[in-house]
Protein chains: 2
Amino acid sequence: MTRQASSAEKSGDTLKDRTLERLQKLILTGDLEPGAKLLETQVATQLDVSRATLREAMVQLSEIGLLAYIPFRGTFLRTLDPVDLDEIYSFRTGLEKMAFQFCWDKRDLISLADLQMRNNRLCDCISDNDPYGAIMAEMHLHSWCYELSGHTLLLQSWGRLKPNLQFYFAMHQKAHGRGGPLRESHDQYLQLAQGNSLDAMLNHLEDHMRQGLENTMRFLKERNVSQNA
Amino acid sequence: MTRQASSAEKSGDTLKDRTLERLQKLILTGDLEPGAKLLETQVATQLDVSRATLREAMVQLSEIGLLAYIPFRGTFLRTLDPVDLDEIYSFRTGLEKMAFQFCWDKRDLISLADLQMRNNRLCDCISDNDPYGAIMAEMHLHSWCYELSGHTLLLQSWGRLKPNLQFYFAMHQKAHGRGGPLRESHDQYLQLAQGNSLDAMLNHLEDHMRQGLENTMRFLKERNVSQNA
DNA sequence: ATTTATATTATTGTCGACAATCTTAAAATT
DNA sequence: AATTTTAAGATTGTCGACAATAATATAAAT
């Protein structure tokens, strides 16, 4: 009966999957320093799993990009320099434009109501002054187009990019005190997503993302989140 | 000193990385049946590594999509139904369009000569009646824009998609006898990539990819590569 | 004969131990 | 004192063994 007493969390059936999720949550909490080394023995002990199990989870997180693996030297929490942020935002822009192209003709009353609901949840989190919840809610809002697209590869790609975004937001939040999304930041996004001009939506995405990047860069100039050694 | 920075991606320093590469090559050879179960003990013995090492490599290949992992049931070689092919091609189109947008202003004499060389290599393989080499050469040709873009995320994404394409081509080749790329298939691609109209290039990409998909679908109707259980 | 139940086998999941490598500290040399 | 060498310790890489689960074969029941 070596079974983990881990309160039967919602996630995967196997210990490796639960470990992956727990480690990811640990990272996205923002308690760890970017670039910090993750000692296998230490983390494994902390999560109460064997190193082999932990390592399989780490391989996956390295593939996502949250961790950086260097052979024989260790696995490190990712860093975020301006170039990284620029790449994340530009890639995200292209990805989300693709998603909207694929989901555009699949929109219906139900899915649009779903979108509205996701935005409401985001607004609630902002009202409740819950920055962490707001981050998650915003991610969930943006997940809408990927899910609706029904495009597996697109959804997977977003699934890998998303944690990196969440990580940045967590860092931002941690360092800046507060800095979640504004209440009205997605008004136009919602409106255009419900409209009938795909081009207008795509153009707005560029603007929306660019604005996010500019906010980010402005923040970076004030206080460095981290820099590579 | 440490040679960790940007070490050539040939064969990793660690056994896990070499195993990953060997297993991938084994898969891309096309000797395995799509959907076939990979018995850990058997493969580990065949590659002369421990199961733990093999499993780490398998996790990575599952993340790429070449393998499909089902908890407690095993890891299976991916399958390719028409929906998969459609997704691969459409995603590839979006990705490569992004790549050309990012690399467009970075083109110069040297990089364009490089592109020309990659195409020459492809033509050589076709002339030499070397289908496997032609597949690799075509992949290498298309990698050009990703590499030139300097966009890490984009390059990574292509790096994950590429093996799936190679896998399909290997299946195609295996089943169809011959079916590599045609000699002149990239003439316009090359010409436009050297030109000064990004829009024309992007439009051609849509056509180029659509044509590839159509060829693929035509082939699928003749003979099923595989179907899900 | 078909179906259900049970036992057996095979395979995956997880672990702890040892080997290879890196890091750090101390010693030796200049 | 600074640099190089060497030794000690810490950390990662790899392995084989055992546990948990699934797949298969056998027996029992209808």
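Since the model is a prediction, treat every value here as computed from it, not as a measurement.
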**Q** Any side-chain N or O of B:Ser50 below 4.0 angstrom from OP1/OP2 of D:dC15?
**A**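 For B:Ser50, the contact criterion (side-chain N or O under 4.0 Å from OP1 or OP2 of D:dC15) is met.
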**Q** With heavy atoms under 4.0 Å as the rule, sort A:Leu38 into base, sugar-phosphate or nothing.
**A**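 If one applies the 4.0 Å heavy-atom cut-off, A:Leu38 turns out to touch the sugar-phosphate alone, with no base involved.
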**Q** Is the shortest heavy-atom distance from the side chain of B:Leu61 to the side chain of B:Ile27 under 4.5 Å?
**A**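 The answer is yes; the side chains approach within 4.5 Å.
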**Q** Provide, to the nearest angstrom, the distance between the CZ atom belonging to A:Phe72 and the P atom belonging to D:dG13.
**A**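 Interatomic distance, CZ of A:Phe72 to P of D:dG13: 6 Å.
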**Q** Quickly work out the A:Glu40 CD to C:dG16 C1' distance and round it to whole Å.
**A**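 A:Glu40 atom CD is separated from C:dG16 atom C1' by 14 Å.
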**Q** So do the side chains of B:His208 and B:His186 get within less than 4.5 Å of each other, counting heavy atoms only?
**A**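 Counting from C-beta outward, B:His208 and B:His186 do come under 4.5 Å.
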**Q** Rounding to an integer number of Å, can you tell me how far A:Leu54 CG sits from C:dG16 C1'?
**A**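 Distance, rounded to whole Å: 15 Å.
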**Q** In terms of side-chain heavy atoms of B:Lys16, which of D:dT14, D:dA22, C:dC22 is nearest?
**A**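 Given the options D:dT14, D:dA22, C:dC22, the side chain of B:Lys16 is closest to D:dT14.
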**Q** Given atom CG of A:Leu20 and atom C1' of C:dG13, what is their separation to the nearest angstrom?
**A**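 Result: 16 Å.
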**Q** Which one, C:dG13, D:dT12, D:dT14, comes nearest to the side chain of B:Pro71?
**A**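 Closest nucleotide among those given: C:dG13.
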**Q** B:Lys37 has an atom NZ; how far is it from atom C1' of D:dT24, in whole Å?
**A**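 These atoms are roughly 12 Å apart.
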**Q** Could you tell me how far apart A:Asp13 (CG) and C:dT12 (P) are, to the nearest whole angstrom?
**A**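 These atoms are roughly 16 Å apart.
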**Q** Quick one: on DNA chain C, does B:Ala52 or B:Leu39 contact a more 5' nucleotide (nearest heavy atom)?
**A**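 Its nucleotide being nearer the 5' end, the pick is B:Leu39.
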**Q** Identify which nucleotide among C:dT14, D:dG13, D:dC15 has an atom closest to any side-chain atom of A:Tyr69, counting heavy atoms from C-beta outward.
**A**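 The listed nucleotide nearest to A:Tyr69's side chain is D:dG13.
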**Q** For the side chain of A:Arg51, counting heavy atoms from C-beta on, which of C:dC22, C:dA17, C:dT12 is nearest?
**A**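 Looking only at side-chain atoms, A:Arg51 lies closest to C:dA17.
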**Q** Could you tell me whether the phosphate oxygens of C:dG13, OP1 or OP2, come under 4.0 Å of any side-chain nitrogen or oxygen in B:Arg55?
**A**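 So the side-chain polar atoms of B:Arg55 do come within 4.0 Å of the phosphate oxygens OP1 or OP2 of C:dG13, strictly under.
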**Q** Send over the distance from B:Arg18 CZ to D:dT14 C1', rounded to a whole Å.
**A**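 Roughly 11 Å, once rounded to whole Å.
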**Q** Under the salt bridge (Lys or Arg N to Asp or Glu O under 4.0 Å) criterion, do A:Glu56 and B:Arg55 qualify, and how do the steps go?
**A** CA-CA 8 Å; A:Glu56 288 192 12; B:Arg55 280 173 62 93; 2.8 Å; yes
**Q** When you measure from the side chain of B:Arg22 to the backbone N and O of B:Leu47, does any donor-acceptor pair fall under 3.5 Å?
**A**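 A pair under 3.5 Å: yes.
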**Q** Closer than 4.0 Å, any side-chain N/O of B:Thr14 to the OP1 or OP2 of D:dT14?
**A**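 So the side chain of B:Thr14 is within the cut-off, an N or O lying under 4.0 Å from OP1 or OP2 of D:dT14.
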**Q** If you measure only the distance, is there a donor-acceptor pair under 3.5 Å linking the side chains of A:Ser111 and A:Asp108?
**A**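 The criterion, which ignores hydrogens and geometry beyond distance, is satisfied for A:Asp108 and A:Ser111.
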**Q** How many whole angstroms separate atom CG of B:Leu15 from atom P of D:dT12?
**A**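 Distance, rounded to whole Å: 18 Å.
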